[in-house]
Structures are given as structure tokens and as C-alpha cells.
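Written below as C-alpha cells is the structure these notes are about.
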Amino acid sequence: MSRTVLVTGGTGYIGSFTTLELILAGYDVVVIDNLYNSSEEALNRIQLISGKRPTFYNVDVTDAKQLEEVFEKHPGIDSVIHFAALKAVGESSEIPTEYYRVNVGGTITLINAMQKHNVKNIVFSSSATVYGDATKHEGMIPIPEHCPIGPTNPYGRTKMMIEMVIQDHCEANPGWNGALLRYFNPAGAHPTGIMGEDPLGIPYNLFPLLGQVAVGRREDIKIFGDDYDSHDGTAIRDYIHVIDLAKGHIAALARLRATNPGCRAWNLGTGLGSTVFDIVKGFEKTVGRKLKYQVVGRRKGDVLNLTAVPKRANEELGWSAEITLEETCRDLWKWVSNNPQGYRQQPPQELVADLDDWKKQAGVTSQKRVKKSPSTSETLSETISETTSKIAAAAEKAVEKVTETAETAEAVGATKAAASAEPRSAAKHDDKIGSDAVDTGLARTRSAARATVH
Ligand SMILES: O=c1ccn([C@@H]2O[C@H](COP(=O)(O)OP(=O)(O)O[C@H]3O[C@H](CO)[C@@H](O)[C@H](O)[C@H]3O)[C@@H](O)[C@H]2O)c(=O)[nH]1
């Protein structure tokens, strides 16, 4: 039986890129999403790029009955990657019980359904937000996994509580495995320019906002504070390309399957910090002109420095972030400049026409199958070599022209249909509440390491 992965929240930004990477790695993927803050159009784009469409159900992760039905229909599911959640930090302080109901309650419902169907591997979309203000702990910038946990808002506390639920469940149930993936700042889009972040309403994060300034949808960007103790006075973050992040999930999943490690947390970051000005300058270079900005006061809750120590993931998962910040800026620019309406428009024909070239270059083939799951006694090096050989095998294969042409045509058709659909409502965006921080002195060195952006 083929290996099937259930992805909850698989039409969202990180969920859709992870679904794409799973398909490219040869997995069968079943996506559930209630489309509260995302669009089914993401599935059309996944199909255009990979030549394969994941099975999709409009199912809410808090609905036990519907979840049951999905597991019943797909007995091949042996693992779950769990993204489905509410994620607007500011909103979480306004309606905290809703955040606990959906995020924590939804995870418990999911685990119960998994338990019933003997599915024992869960990769969880956690966040660096669980660390809260790491700058207040001596020697914890950049942030290792053993940094004390201390989220500063209800959203972060739901992530912390879910980690604990998964940890306790794995301890109580031998044979269960949990990967708690703590993301730093995801950014970027697909290099083909046909898949990217599609924030609803007014975005809150730096990269999508810069994108809007660059395409003229926004006059300028407000820089939140230039009085931090960094090389240019602005705050430092660890920006990781969304494809690198997605690949981290595939590596974690392979690790769970191969070594049966129980529950473990891994940071997914680059280990390199960039200031806000580094990012603005880097993106200006990509766009080829200056972008208007205005320095204003610090944003409530922002901290000086959130940079990962990714060593554990590098060593144990055989994974590391590979895409540069320049490429991240380039991919974002290609996405926003070609798709000003995001998923509410058709992908430009010239980008669709370029897809075959991209696939050849990337060695993409859509029909690969994941081999039989390795036994639990296999070593980590076997896990790494399995992951590596999957990638190598994919890279060697020629494009399967006939199938892909047919499937591409089908996906374009679906895309056209979706583009004429009603626009979505309900603007949601992320933010982050914390407390201001002091520099540890490391900030300058870490951000200096990003000098190539300038
Ligand atoms: O208009 C803006 C938006 C952001 N920033 C700055 O840019 C940096 C990055 O901000 P943003 O993109 O909003 O991300 P974070 O606040 O770092 O939070 C992101 O990354 C965290 C993990 O590191 C997650 O917990 C959050 O959910 C996610 O939004 C910060 O220094 C902000 O002050 C500005 O100066 N102007």
C-alpha cells in the first residue's frame, strides 16, 4: 500500500508548500481545510507545478465525525502533518477561547481520530513564538531548542499547549511519534511565480507588506523602531524561504518513520539574522528601485532578536535551509509582480508556459512513489540517505511530457474556473505580542552575516 500523508490546513501558505513538496517527494497526499483563511485555488497551483492534485476535503479539524470519515476513506494514511489553526496573534487576545477551541481542541480531536485509526506519526506546525522573549535569558540568542518556553500571547500559548498535548500523548502511547517544528519567519514564494502567500485584507508581516509597496498597492512601509541595539537600529529576524521550511517537514516525517523517536522539538530556521533595513535594502535591490518607508515607533510586543540555532535539525534531520535571502526576495517579487490579485486571478500564461522548463531544471516528475516505510530499527544515516536518494532520483528523471501536458491543461481549466469565483471575505493577519528586549551583543555578528543582501 502506498504511503499517504494527511495534511490539515493544506491550502494555507506553509501547508500548501508542504503539500507540494510531499507530492514532489512521491507521497500521496490528502488535504483537509475549512478554507476559513485560504483558497482551494492553491490546489490548482500545486497541480500545475507537480502534475498531481492532492485529494481534498472541506473539513474542519474540530469536527470529529468528518475527520473520522476521511480516515475511513483513506486507510493508507500513516502520518499527519498538522497546520490547521487560527494564527492572528492580535486577534488571539480578543477571542482567546476561540483560539483554544480551534487550535488545542482541534488537535485533541485530530489525535483521537488518529488513535482510532492506528495512525501514530504527527508533524506539528509549531512556532518560534513559543519562546516568547528569548532575549531575557542569558546566552539564548540565537535560540536553541532548550531555551525556556514562555509565550506572551494566547496564540503562542495554544502552540505551547499543543506541544505539551502531543508530548504527553506520545509518552503515554509507545509507538507514537511527534515532531514539534518551531518555525522562524517564513517568506518567499515558488520560483515559478505561480504559487505564493495570498494574505487576505491588510497584511501584517514585513515581506507581504514590502511586496504591496513594490507593486504600488501601498504608499510606504512603516519601520517599527530604529532604536534597537543592532547594526542599523532595526530588529533582527531569521527569515526562511517557505520551500526550505516545507522541506523541513518532509525531513521530519522521514525521521519519525525511520527511527520512531517519540516526541521531539526542532527549530526550523536559517541561523542567520537580518534586520528590517537589511530586508528593505535586499528587496529594493531585487525590485531595482527605492521603496518608500517611514520610521515610526516600536510595535508593541516586538523583540530585538529572534534567530534560530538550527543545529539540531541540521544534524538529526539531515536538513538545512539552502535558499538565500536574495532568492527569497526574487521569488517574492516574481509572485507579487505577476499576481497582483493573488489567487483571485489566473496565473499569467507566460509563467504557465515556462513551467516545463522549470520542471526539467528541477527534475520534477509527478508519478514517483515513496518506497515502503523503513523499519523502526533503521539508523538516522539511513533516514538521511533515504531522503537524499529520493531527491536524487527525482532529479534524474525526465519530464513525463504526455501526462503532464494533459494534467497541466486540466489544472489551468480549474484555475480559470476559480478565478471567476467570488472574492473571499474575512481579513485575517498575523501579529506578535511580547515585550521589548535588550541586545545580547550577538545581534551585530549574526546580522552582519547577511551582508550579501545589500
Ligand atoms: O510593517 C511592518 C511589519 C513588520 N516590521 C518589522 O519586521 C520584523 C518582522 O515582523 P513580522 O513579519 O510581522 O514577523 P514577526 O513579528 O517576527 O512574527 C512572525 O514570526 C514569528 C516567529 O518568529 C511568528 O510567531 C509570528 O506568527 C509571525 O508573524 C519585525 O521586526 C517588525 O517590527 C516592520 O518594521 N514594519
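Please read all numbers here as calculations on a predicted model, not as lab measurements. Read the numbers this way: they start at 1 and go in the same order the structure lists the ligands and their atoms.
Using a 4.0 Å cut-off to heavy atoms of T129, the atoms of ligand 1 that qualify are 25 (O). Shown in contact with L306 at under 4.0 Å from a heavy atom are these atoms of ligand 1, numbered in order with element: 23 (O). Those atoms of ligand 1 with a heavy atom of A235 less than 4.0 angstrom away are 31 (O). With ligand atoms numbered from 1 in the order given, ligand 1 contributes 3 (C), 13 (O) to contacts under 4.0 Å with heavy atoms of Y204. For ligand 1, the atoms lying closer than 4.0 Å to a non-hydrogen atom of L209 are 1 (O), 2 (C), 3 (C). Every atom of ligand 1 is numbered from 1 in the order shown, and the set under 4.0 Å from a heavy atom of I223 is 35 (O). Ligand-side atoms of ligand 1 in range of S127: 24 (C), 25 (O), range being under 4.0 angstrom from any heavy atom.
Here R299 pairs with D302 in a salt bridge; the nearest charged N to carboxylate O distance falls below 4.0 Å. Under a 4.0 Å N-O distance rule, the pair K247/E322 does not qualify as a salt bridge. R182 and E145 are not joined by a salt bridge, as no carboxylate oxygen comes within less than 4.0 angstrom of a charged side-chain nitrogen. Taking a cutoff of 4.0 Å between a charged side-chain nitrogen and a carboxylate oxygen, E284 and K281 do not qualify as a salt bridge. Look at K120 and D78 and you find no salt bridge, because none of the NZ, NE, NH1 or NH2 atoms lies under 4.0 Å from a carboxylate O.
Taking any N or O of L206, backbone or side chain, at least one lies under 3.5 Å from an N or O belonging to ligand 1. Close N/O approach between A128 and ligand 1 is not found [any backbone or side-chain N/O within under 3.5 Å]. Taking only nitrogen or oxygen atoms, main chain and side chain alike, Y183 does not reach within less than 3.5 Å of ligand 1. Note: an N/O pair closer than 3.5 Å links K222 and ligand 1 by distance alone. Polar contact with ligand 1: absent for Y155 (N/O pair, distance under 3.5 Å).
Residue V276 touches ligand 1 through its side chain alone, judged by heavy-atom distances below 4.0 Å.
Residue nearest to atom 15 (P) of ligand 1, selected from N185, V280, L210: N185 (by heavy-atom distance). Comparing I143, I202, N205 against atom 29 (O) of ligand 1, the shortest heavy-atom distance belongs to N205. Across the listed options R299, R237, R182, R299 owns the non-hydrogen atom lying nearest to atom 13 (O) of ligand 1.
Counting non-hydrogen atoms of neighbouring residues, nucleotides and ligands closer than 6.0 angstrom, the OH atom of Y293 reaches no more than 12 such neighbours.
For an aromatic pair to be called close, the ring centres must be under 6.0 Å apart, and F124 with H249 fails this. Taking the six-membered ring wherever Trp is involved, the centroid distance between the rings of W335 and H190 does not fall below 6.0 Å. For F207 and Y239, the gap between ring centers is short of 6.0 Å.
A cation-pi arrangement, defined by a distance under 6.0 Å to the six-membered ring centre and an angle within 45 degrees of its axis, is present between R298 and Y228.
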Next on the checklist: Run the salt bridge (charged side-chain N to carboxylate O under 4.0 Å, His left out) test on E41 and R45 for me, step by step, so that the C-alpha distance in whole Å, both residues' side-chain angles and the decisive distance to 0.1 Å come before the verdict.
Outcome noted: CA-CA 7 Å; E41 178 59 17; R45 308 303 172 97; 2.7 Å; yes

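Heavy atoms of Y239 approach ligand 1 to within less than 4.0 angstrom.
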